[in-house]
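Okay, structure first, notes after.
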Amino acid sequence: MRIESGVSLKPYNTFGLPAVAHTLVRVESDADVRQVVDHPQLGRAPKFILGGGSNIVLTRDMPQVVIKVEVMGRRLVEEHARGWIVEAGAGENWHEFVMWTLAQGLPGLENLALIPGTVGAAPVQNIGAYGVELQDRFDSLDAVDLVTGRSHTLRAALCAFGYRDSEFKHSLAGRSVITRVRFFLPKPWQPVLGYLELERKVAETGITQPSPQQIADWVIAIRRAKLPDPAQIGNAGSFFKNPVVTPEQCRDIIGRDPEIVHYPMPDGSVKLAAGWMIDACGWKGKTVGKAGVYEKQALVLVNRGGAIGSEVMTLARAIQESVYGRFGIRLEPEPVVV
Ligand SMILES: Cc1cc2nc3c(=O)[nH]c(=O)nc-3n(C[C@H](O)[C@H](O)[C@H](O)COP(=O)(O)OP(=O)(O)OC[C@H]3O[C@@H](n4cnc5c(N)ncnc54)[C@H](O)[C@@H]3O)c2cc1C
């Protein structure tokens, strides 16, 4: 492990927000994490686990010990009649890992291409896009407990995956450092094309049986067209979760706002498009201080240049209030506010 002091976290969060980590420790293995736990000073200090910083809002300097997870490596673990199991170190870049699986002829993750961040953070909020969620391809993960220093392997049931949610946001938050994740990629491969924008690509191109790489290319093109590149404009992707309501609540809202974009869920509940609600409240393209709402997608808050975390949160609260005032729905932030 490598211990550094007084580290600026600005380059380590995609919003580009300023904050300083009093102590930052880079861990490259389970043994490194255990060393942190056994360390005479670091062991008992509060900790924050950092991946690629693409789903956090830093509102202040960090007195906690920041553990930057840099466990690398990727491999095909086994192949059998029902599918392949692949594994990646938690510090691997997610998108590069997806591209690597495709290059190896191991399809299944293509709909999740170009999501920023690391492999280790992917189970934390059960990342999802274009009709696929991490839990649909999950096998198991390895983690080290920051209190006991013990390594353990968790299967899906213990991770309690939900919509942008898992046990790593609850009882295991800040307690369990994920060091490796294994994915089950089922055979025979089936394309997932039910998402509206992918259906449009099929119709536009006339390619009715796309390859996994073709789907990845479509997903990349769609994402580039509608989401800001954090290298150019600081952001953390979707800032709010899409609220899930009962059919009765949805009918009530439709009565007042017939055009509200909503998706029926398999369990009978209804997901409302938070971006549509924010847009309907007139926020798209607006700026408050140095934070703003992205012009092409109202669900994304952006750093207009030199923003600080509290400005982003002031804007987020103003949006929450106006959405509550009009629709009676409380929007919940998706990124972790630190
Ligand atoms: C432009 C853009 C587009 C995005 N699109 C999507 C999308 O389509 N779908 C989607 O689901 N998300 C999306 N996101 C959000 C983000 O990319 C994911 O949540 C990603 O998994 C975060 O990874 P990270 O490594 O950057 O995590 P970080 O931001 O570093 O951390 C996020 C949380 O995970 C915890 N954590 C990180 N690493 C570990 C670890 N190894 N062990 C335990 N806990 C850990 C942190 O403590 C923190 O609570 C987008 C973000 C951006 C900027």
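Here the structure is a predicted model, which means the values were calculated and not measured. Here, residue 1 is the first one in the sequence, and each next residue gets the next number. Both ligands and their constituent atoms are indexed starting at 1 by order of listing.
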Measure [X] to ligand 1 on non-hydrogen atoms and call it side chain, backbone, both or neither using the 4.0 Å cut-off.
| X | value |
| --- | --- |
| Val69 | side chain |
| Val336 | side chain |
| Ile178 | both |
| Ser176 | backbone |

Look only at interatomic distance and state if [X] has a nitrogen or oxygen under 3.5 Å from any nitrogen or oxygen of ligand 1.
| X | value |
| --- | --- |
| Gly51 | yes |
| Ser54 | yes |
| Asn235 | no |

Numbered atoms of ligand 1 (with element) below 4.0 Å of [X], judged on heavy atoms:
| X | result |
| --- | --- |
| Thr118 | 23 (O), 24 (P), 25 (O) |
| Leu50 | 30 (O) |
| Gly53 | 24 (P), 26 (O), 28 (P), 29 (O), 30 (O) |
| Gly128 | 7 (C), 8 (O), 9 (N), 10 (C), 11 (O) |
| Ala129 | 8 (O) |

Side-chain donor-acceptor contact under 3.5 Å, Trp283 with Ser322:
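Yes, because at least one side-chain N or O of Trp283 sits under 3.5 Å from a partner of the opposite role on Ser322.
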For atom 35 (C) of ligand 1, the option (of Val124, Asp229, Val27) bearing the nearest heavy atom:
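Among Val124, Asp229, Val27, the closest heavy atom to atom 35 (C) of ligand 1 belongs to Val124.
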Around atom NZ of Lys284, are there more than 12 heavy atoms from other residues, nucleotides or ligands closer than 6.0 Å?
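Enclosed.
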Crowded around His22 NE2? As in, over 12 foreign heavy atoms under 6.0 Å?
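Open.
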Glu334 side, atom CD; Ser238 side, atom OG - distance, nearest 0.5 Å:
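With rounding to 0.5 Å, CD (Glu334) is 5.0 Å from OG (Ser238).
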Assess Arg164 for proximity to ligand 1: is some non-hydrogen atom of it under 4.0 Å away?
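Yes, Arg164 has a heavy atom closer than 4.0 Å to ligand 1.
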